[in-house]
2 protein chains.
Amino acid sequence: MSDLLERLRGRGWRMTSQRRVVAEVLSGDHVHLTADEVHARAVERLPEISRATVYNTLGELVTLGEIVEVSTEGRAKRYDPNAHHPHQHLVCSGCGTIRDVHPVGDPLCDLPPDQRYGFVVSEAEVTYRGLCPDCA
Amino acid sequence: MSDLLERLRGRGWRMTSQRRVVAEVLSGDHVHLTADEVHARAVERLPEISRATVYNTLGELVTLGEIVEVSTEGRAKRYDPNAHHPHQHLVCSGCGTIRDVHPVGDPLCDLPPDQRYGFVVSEAEVTYRGLCPDCA
DNA sequence: TCCTACGATGGACTGAGTCCAAGTCAAGAA
DNA sequence: TTCTTGACTTGGACTCAGTCCATCGTAGGA
């Protein structure tokens, strides 16, 4: 994720301590935090950071394609930094745990032309649901 | 959808005018209304019906498996009465139109055992995205 | 070092959804 | 038919996630 900071600088981003902290919080695999969770972790490193800044930064990162929004069961959106490696999600119906998974094949191919209703279909998002080992 | 009322009565539901109206609003194919839209349409038929009742009734219908929640881009959940015929959704990234679609094959089969991390996977929800004929 | 436009702040605001105490009424009993 | 009662409805207050905006601060170029 440290190369993220490089990429952002390359895109003309002014590098502030707030943006650095948000980018640091969003590092690692299988990280799927809500905006408030990102804020809570950011506050540990930079106590003055505001919620609005976290929302702004997350929104900008989504626009740049550096992270993706994951809409799950709960009310709050989650943010997935693993945007450069296409993947799907496996969600536990019990505790809400999310794992990144890589199914075989391309789900787009499963939608026959007569089921496309004239749409230009560009993307298929798959959410697998079940129970994790702890909840099962 | 009128047999829905029968099924609900069979389950011991007290049949009130409010519940009847909510069930009537949620009839037909390709209906994907938000709670507020359901409320707006219900008010046309029963001006005194409250938002709380609409939320309660929708929640109960979801619990009974008579309708399903569809979480889309927007903030508000949508409700899909087509719960007894398994299907997936095709969403227009432009205008938000939703169509029910029936892909071939079972997406559950595309998730190999080594990608299940010990989960008992029971369900796969696929959202296809693209542009509808009007937006393309 | 100075400037300034970009970014941060925090408080008010919105929209979706939940909660709750009080009132209403569907449907079974008499 | 009327009575009874507990399930259902109501509306207003509340919560939670997210947005907006006027003002202040500062990164980084001159």
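Just so we're clear, the structure is a prediction, and the values are computed from it rather than from any experiment.
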Scoring nucleotides 21-30 of chain D by protein non-hydrogen atoms under 4.0 Å (B base, S sugar-phosphate only, - none) yields ----BBBS--
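- When only modelled atom types and interatomic distance are considered, His85(B) and Asn82(B) share a side-chain donor-acceptor pair under 3.5 Å.
- Following rounding to the nearest Å, Leu5(B) (CG) and dA27(C) (C1') show an atom-to-atom distance of 17 Å.
- Atom CZ of Arg129(A) and atom OG of Ser93(A) lie 6.5 Å apart (nearest 0.5 Å).
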Which pairs, protein N/O on one side and nucleotides 14-17 of chain D N/O on the other, fall under 3.5 Å?
{"unit_1": "dC16(D)", "atom_1": "O4'", "unit_2": "Arg75(A)", "atom_2": "NH2", "d": "3.4"}
{"unit_1": "dA17(D)", "atom_1": "OP2", "unit_2": "Asp36(A)", "atom_2": "OD2", "d": "3.3"}

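- As a whole-Å value, the separation of Arg11(B) CZ from dC8(D) P is 14 Å.
- Note: CD (Glu60(A)) to P (dT19(D)) measures 12 Å, nearest angstrom.
- Contact between the side-chain N/O atoms of Gln18(B) and the OP1/OP2 oxygens of dT10(D) is found at a separation under 4.0 Å.
- By the ring-ring contact (aromatic ring centres under 6.0 Å, His included) test, His89(A) is found to be paired with His32(A), His87(A), residues two or more places apart in sequence or in another chain being considered.
- Rounded to whole Å, the distance from NE2 on His39(A) to C1' on dT19(D) is 15 Å.
- In this structure, the side chain to side chain donor-acceptor pair (under 3.5 Å) partners of Arg78(A), at least two apart in sequence or on a different chain, are Glu37(A).
- Not a single donor-acceptor pair under 3.5 Å links the side chain of Gln88(A) to the backbone N or O of His102(A).
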Determine, stepwise, if the pair Asp80(B) / Val31(B) fulfils side-chain contact (heavy atoms from CB on, under 4.5 Å).
CA-CA 6 Å; Asp80(B) 184 346; Val31(B) 172; over 6 Å; no
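- With sequence neighbours excluded, no residue satisfies side chain to side chain donor-acceptor pair (under 3.5 Å) with Arg75(B).
- Comparing Thr34(B) and Ile49(A) against DNA chain C, the residue whose closest nucleotide sits nearer the 5' end is Ile49(A).
- To the nearest 0.5 Å, the span separating CD on Glu60(A) from CH2 on Trp13(A) amounts to 5.0 Å.
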Taking only nitrogen or oxygen atoms into account, show me every contact under 3.5 Å that the protein makes with nucleotides 28-30 of chain C, one pair per line with its distance.
none

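- Note that CD of Glu123(B) is 9.5 Å distant from OG1 of Thr127(A), once rounded to the nearest 0.5 Å.
- Here dC8(D) presents its C1' atom at 15 Å from CG of Leu58(B), a figure rounded to the nearest Å.
- The nearest whole Å value for the distance from the CG atom in Leu46(B) to the P atom in dT10(D) is 7 Å.
- Between Glu48(B) atom CD and dG23(C) atom P there is a gap of 19 Å when expressed in whole angstrom units.
- Under the 4.5 Å side-chain heavy-atom criterion for grouping Ile, Leu, Val, Met, Phe, Trp and Tyr, Val25(B) is connected to Leu8(B) within one hydrophobic cluster.
- Side chains of Leu64(B) and Arg11(B) form a contact here, defined as non-hydrogen atoms less than 4.5 Å apart.
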